[in-house]
Amino acid sequence: MTGRSSSPVAHVELRGFGWRHAGRRAWALRGVDLRVERGERVLLLGPSGAGKSTLLAALAGLLAADSGEQEGTLTVGGADPRERRHRTGALFQDPQTQLIMARSGDDVAFGLENLGVPREAIWPRVAEVLRLVGFPYGPDRRTDALSGGEQQRLALAGVLAPDPDLLLLDEPTANLDPAGGVLVREAVRAALEAAGATLVLVEHRVAESLPLVDRVVVLEPGGGVMADGPPEAVFAAHGGSLAEAGVWVPGVPIATRRSTVPAGDALLTAEAVGFRHPGAARPALAGVDVSVRAGRALAVTGPNGSGKSTLALILGGLLGPTTGAVHATAALGASLVGRPPHRWRATDLTTRIGSVFQDPEHQFVTSRVRDELALGPQRTGRSPAEVSATVSRLLDSLRLDRLAEANPYTLSGGEQRRLSVATALATAPRVLVLDEPTFGQDRRTWLELVDMLARLRDEGRAVVAVTHDPDVVEALADDRLDLAAAP
């Protein structure tokens with residue numbers, strides 16, 4: 001227990017709580033004692049894999065008895081959290097899992113309709129929450145035409161619409177541009193003030209989130225609470241040890257890892273590249289010129305909806321442009337000159353250009369981490385011994401060794417991101433195109449991941465990173481392409 005003052009019934013109470021996912025040896029959480037009073041605003045921190053997302057899922061009443069093993073007790077408002085789902089709003093790391101309707105307004109209205117809100121009250125509320133989160137379109141916008149950041153804002157609007165009294169947010173600004181992050185934090189603040197809701201927030205953008213919270217709780221991997229108290233007191237007393245353990249602590253500097261040698265040959269060039277979805281009123285990407293060079297790290301930045309992920313798919317050979325062209329140079333493969341990457345054979349593509357999607361689950365095709373890493377090398381004809389050595393090296397270098405037998409879909413968001421990076425590295429491509437490569441990483445794994453990308457860059461590979469993370473730009477980027485918002 002934390003020893004904090006108590007009300008007759010705490011809004012959230014955990015006593016010796018633990019959870020182990022089915023088929024896993026290690027506990028995702030264990031021995032957690034925690035009490036959160038009504039109206040408290042808690043920032044939940046901890047290294048990647050400490051169980052933060054699992055705890056939010058438990059509080060949301062989403063851990064089914066047949067999907068794992070529970071220890072201890074957990075209550076929300078004195079009841080089983082499954083009985084309180086109608087008063088709990090939860091936003092998780094992948095917004096796509098929460099969007100179910102074709103039109104944006106209908107998606108926000110869906111939850112209100114299920115709660116029996118009168119029809120005449122639904123649409124004014126939909127308009128209100130869309131405005132609160134800075135959603136840039138009207139209610140008729142198709143959900144499948146939204147960027148990742150726009151999906152995040154829409155999902156948050158759906159969570160806020162019913163005025164929940166417990167708000168659970170898992171990295172709500174991770175895929176947002178800085179302006180979008182400000183809007184979302186302001187929307188959360190307004191919702192909390194209007195409803196007096198309790199907040200449990202998981203967020204790696206710690207400094208920006210501190211004005212929203214009055215308490216910090218740090219989970220320790222393997223069990224229990226590492227630190228608990230007012231933010232300034234926790235960071236003053238434990239800042240050094242927390243940073244070393246992997247927690248993002250405000251004010252702890254990050255070293256620059258930019259290249260110190262001249263750029264190498266151009267490997268890919270894009271000329272006036274654009275893309276328009278069939279039937280769309282405007283292009284998703286328009287008129288981009290860029291050169292991807294060996295020995296350089298290029299950061300692609302810009303507001304949500306500016307076409308960053310579309311450009312990543314085009315450079316990765318996974319999408320053909322509707323205007324302009326992408327050319328490979330002889331430095332990437334003489335036999336491929338004259339053919340755009342989206343026309344290459346799969347083996348030619350995977351051994352030359354590796355891609356990491358914004359949503360890591362979209363590139364998993366097996367049921368075991370080890371098999372996921374082995375798949376690419378096997379398809380390129382490497383021997384069993386070479387495949388085994390590659391898998392072992394990547395498991396170790398990206399801190400996935402303890403998860404080798406786990407199902408990729410049961411990993412935390414940060415672990416899934418590292419696995420997706422590892423799968424792209426498994427075939428040793430000359431060009432790496434990564435969409436939000438540091439999403440969900442704690443401080444330690446962030447540093448290790450950026451160090452790895454810097455080493456690959458220094459070995460002569462080209463790194464293209466689509467990112468909203470200013471620290472990535474500051475630490476790694478030798479070049480920068482800033483895309484403008486679509487007109």
Can a donor-acceptor pair be found, under 3.5 Å and without considering hydrogens, that links the side chain of [X] to the backbone of [Y]?
| X | Y | answer |
| --- | --- | --- |
| R257 | A255 | yes |
| Q70 | G72 | yes |
| R30 | G18 | no |
| R418 | T438 | no |
| R296 | D479 | no |
| N304 | L176 | no |
| S48 | Q441 | no |
| Y409 | F364 | yes |

What's the spacing between [X] [atom1] and [Y] [atom2] if we round to 0.5 Å?
| X | Y | atom1 | atom2 | answer |
| --- | --- | --- | --- | --- |
| E372 | S420 | CD | OG | 10.0 Å |
| T88 | L166 | OG1 | CG | 4.5 Å |
| L298 | R457 | CG | CZ | 12.0 Å |
| L318 | T310 | CG | OG1 | 12.0 Å |
| L29 | W19 | CG | CH2 | 10.5 Å |
| L168 | F92 | CG | CZ | 6.5 Å |

Does the side chain of [X] come under 3.5 Å of the side chain of [Y] through a donor N or O and an acceptor N or O?
| X | Y | result |
| --- | --- | --- |
| T75 | E13 | no |
| E415 | S412 | yes |
| T143 | D107 | no |
| T301 | D482 | yes |
| W446 | D471 | no |
| T198 | H11 | yes |

Could you tell me which residues satisfy salt bridge (Lys or Arg N to Asp or Glu O under 4.0 Å) with E244, sequence neighbours excluded, listed by chain and number?
none
Carboxylate-amine/guanidinium proximity below 4.0 Å for [X] and [Y]:
| X | Y | answer |
| --- | --- | --- |
| R215 | D228 | yes |
| K308 | D435 | no |
| E150 | R153 | no |
| R258 | E474 | yes |

Residues, nucleotides or ligands: over 12 heavy atoms within 6.0 Å of R82 CZ
no
So V247 and V206, side-chain contact (heavy atoms from CB on, under 4.5 Å) or not? Walk me through it.
CA-CA 9 Å; V247 175; V206 173; 5.8 Å; no
Only pairs under 3.5 Å count here: list side-chain donor-acceptor contacts from residues 182-191, not counting sequence neighbours, and write none if there are none.
none

Return each pair, listed once, that meets salt bridge (charged side-chain N to carboxylate O under 4.0 Å, His left out) where at least one residue sits in residues 439-450; pairs must be two or more places apart or across chains.
R399-E448
